[in-house]
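First the structure, in the form of structure tokens, and then the observations on it.
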Number of protein chains: 2
Amino acid sequence: MDDSCCTPADGTAMTAGRAEEVAALLKALADPVRLRLVSLIASTAAGEACVCDLNEAFDLTQATVSHHLKVLHTAGVLDRDKRGVWAYYRVRPEALAAVADVFSSPALAGVRA
Amino acid sequence: MDDSCCTPADGTAMTAGRAEEVAALLKALADPVRLRLVSLIASTAAGEACVCDLNEAFDLTQATVSHHLKVLHTAGVLDRDKRGVWAYYRVRPEALAAVADVFSSPALAGVRA
DNA sequence: CGATCATATCGATGACTGTCGATACCGCCG
DNA sequence: CGGCGGTATCGACAGTCATCGATATGATCG
């Protein structure tokens, strides 16, 4: 009867609740436009970018870019700072680090060779 | 006229093409069920799991679990290995490492404090 | 105050996606 | 060979999402 089929999990796996959290964060980042937005903001010398610049970087409506920024902000990836007429966004490094941690953690990446 | 508003990007940002690639990978992972699937498989002693186990771990139809496995396989996150009647999936560590790398890279995470 | 400009919000629309039941495919066992 | 059981695929449906044009909000300038 060899091994029926199963190699049971050892309880190390991610809980359903944590999976929901991580999925929410990933969903915010799983879009080409939003990835480029984050990348653009992160690559500025000041560590922040104003919406006027971001609008011009894409072939999209101002409404659409604003929507993407809102999604990233709601997910905790970006911080908003309105100064005068202009709005500035900056990256929250903890959010990105959280993603890096999940996929560097032995529980996931540590599939021992 | 102070600083009109802009802090221009320095060309370090992610290209549109790369953003598409990364987004495709993230989209495959940005789902609670799929995250748990990957986690379950990665946490097995053998580094692989058969579909019969995975089906029982969720309150979902066998068709739905199979669909999620296909998405992960197509995205390059999982390897499939059909042995006899049973199908075994294992995690491709490179795929997860790729995600970890993107979000550890100075271009994104290196927003200096 | 009124005009103007930057940004956010709203409502609509077309595309995509997670889920299901049903069914097809394919090794296996008797 | 015929039936059985595990897995993948198909078609449908409901919910979500990216995008847009139009409009609201709110700060600045003349």
Side-chain angles (χ1 to χ4, degrees), chain A residues 1-7 16 19-20 23-38 40-41 48-75 77-90, chain B residues 1-7 16 19-20 23-38 40-41 48-75 77-90:
Chain A
M1 49 108 229
D2 54 53
D3 56 357
S4 68
C5 82
C6 307
T7 36
E20 294 275 357
L25 183 53
L26 288 181
K27 241 167 55 169
L29 291 165
D31 180 284
V33 174
R34 292 201 283 266
L35 277 178
R36 288 178 63 200
L37 279 171
V38 173
L40 273 174
I41 297 171
E48 67 180 8
C50 91
V51 176
C52 61
D53 284 335
L54 300 175
N55 279 332
E56 291 172 4
F58 297 89
D59 214 14
L60 292 172
T61 302
Q62 176 261 327
T64 301
V65 173
S66 187
H67 164 70
H68 285 305
L69 289 170
K70 179 180 187 171
V71 171
L72 287 168
H73 178 241
T74 303
V77 177
L78 295 182
D79 265 344
R80 184 187 300 169
D81 180 25
K82 195 152 191 175
R83 293 203 292 273
V85 197
W86 293 296
Y88 293 82
Y89 284 87
R90 61 174 54 236
Chain B
M1 47 106 231
D2 50 54
D3 56 0
S4 67
C5 84
C6 306
T7 37
E20 294 275 357
L25 184 53
L26 288 181
K27 244 169 49 172
L29 291 165
D31 180 284
V33 174
R34 292 202 281 268
L35 276 178
R36 288 178 64 202
L37 278 171
V38 172
L40 273 174
I41 296 172
E48 66 179 9
C50 92
V51 176
C52 62
D53 283 336
L54 300 174
N55 279 331
E56 291 172 4
F58 297 88
D59 214 14
L60 293 172
T61 302
Q62 176 262 326
T64 301
V65 174
S66 186
H67 165 69
H68 285 306
L69 289 170
K70 180 180 186 169
V71 172
L72 287 167
H73 178 240
T74 302
V77 177
L78 296 182
D79 264 343
R80 184 188 300 172
D81 180 23
K82 194 153 193 175
R83 292 203 293 273
V85 196
W86 293 297
Y88 294 82
Y89 284 86
R90 63 174 52 236

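Within every chain, numbering begins at 1; the chains are lettered A, B, ... in the order of the sequence lines, protein sequences first and strands thereafter.
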Within-4.5 Å side-chain heavy-atom neighbours: [X] and [Y]:
X: Asp81(B); Y: Arg90(B); result: no
X: Leu78(B); Y: Arg80(B); result: no
X: Asp53(A); Y: Leu40(A); result: no
X: Tyr88(B); Y: Val51(B); result: no

Not counting sequence neighbours, which residues clear side-chain hydrogen bond (donor to acceptor under 3.5 Å, both in side chains) with Arg36(A)? List them please.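 side-chain hydrogen bond (donor to acceptor under 3.5 Å, both in side chains) check on Arg36(A) returns nothing, list empty.
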
Tell me what Tyr89(B) touches on the nucleic acid: a base, only sugar-phosphate, or nothing, going by heavy atoms under 4.0 Å.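 Answer is sugar-phosphate: Tyr89(B) comes under 4.0 Å of backbone atoms only.
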
Before you tell me yes or no, could you show the steps for Gln62(A) and His67(A) under side-chain contact (heavy atoms from CB on, under 4.5 Å), namely the whole-Å CA-CA distance, both residues' side-chain angles and the distance that decides it to 0.1 Å? CA-CA 9 Å; Gln62(A) 176 261 327; His67(A) 164 70; over 6 Å; no

Between the protein and nucleotides 12-15 of chain D, which nitrogen or oxygen pairs come in under 3.5 angstrom?
none

To the nearest 0.5 angstrom, please state how far the CD1 atom of Ile41(A) sits from the SG atom of Cys50(A). 10.0 Å

Contact under 4.0 Å: Lys70(A) side-chain N or O vs dT9(C) OP1/OP2: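 Yes, within the criterion.
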
Go nucleotide by nucleotide along DNA chain D from the 5' end; which of Arg34(A) and Arg80(B) gets its closest nucleotide reached first?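 With Arg34(A) and Arg80(B) compared, the 5'-side residue is Arg80(B).
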
Report the C-alpha distance between Leu69(B) and Tyr89(B) in whole Å, list the side-chain angles of each, state the deciding distance to 0.1 Å, and finish with yes or no for side-chain contact (heavy atoms from CB on, under 4.5 Å). CA-CA 8 Å; Leu69(B) 289 170; Tyr89(B) 284 86; 3.6 Å; yes

Footprint string (nucleotides 19-30 of chain D, 5' to 3'): B base within contact, S backbone only, - free, heavy atoms under 4.0 Å: BBBB----SS--

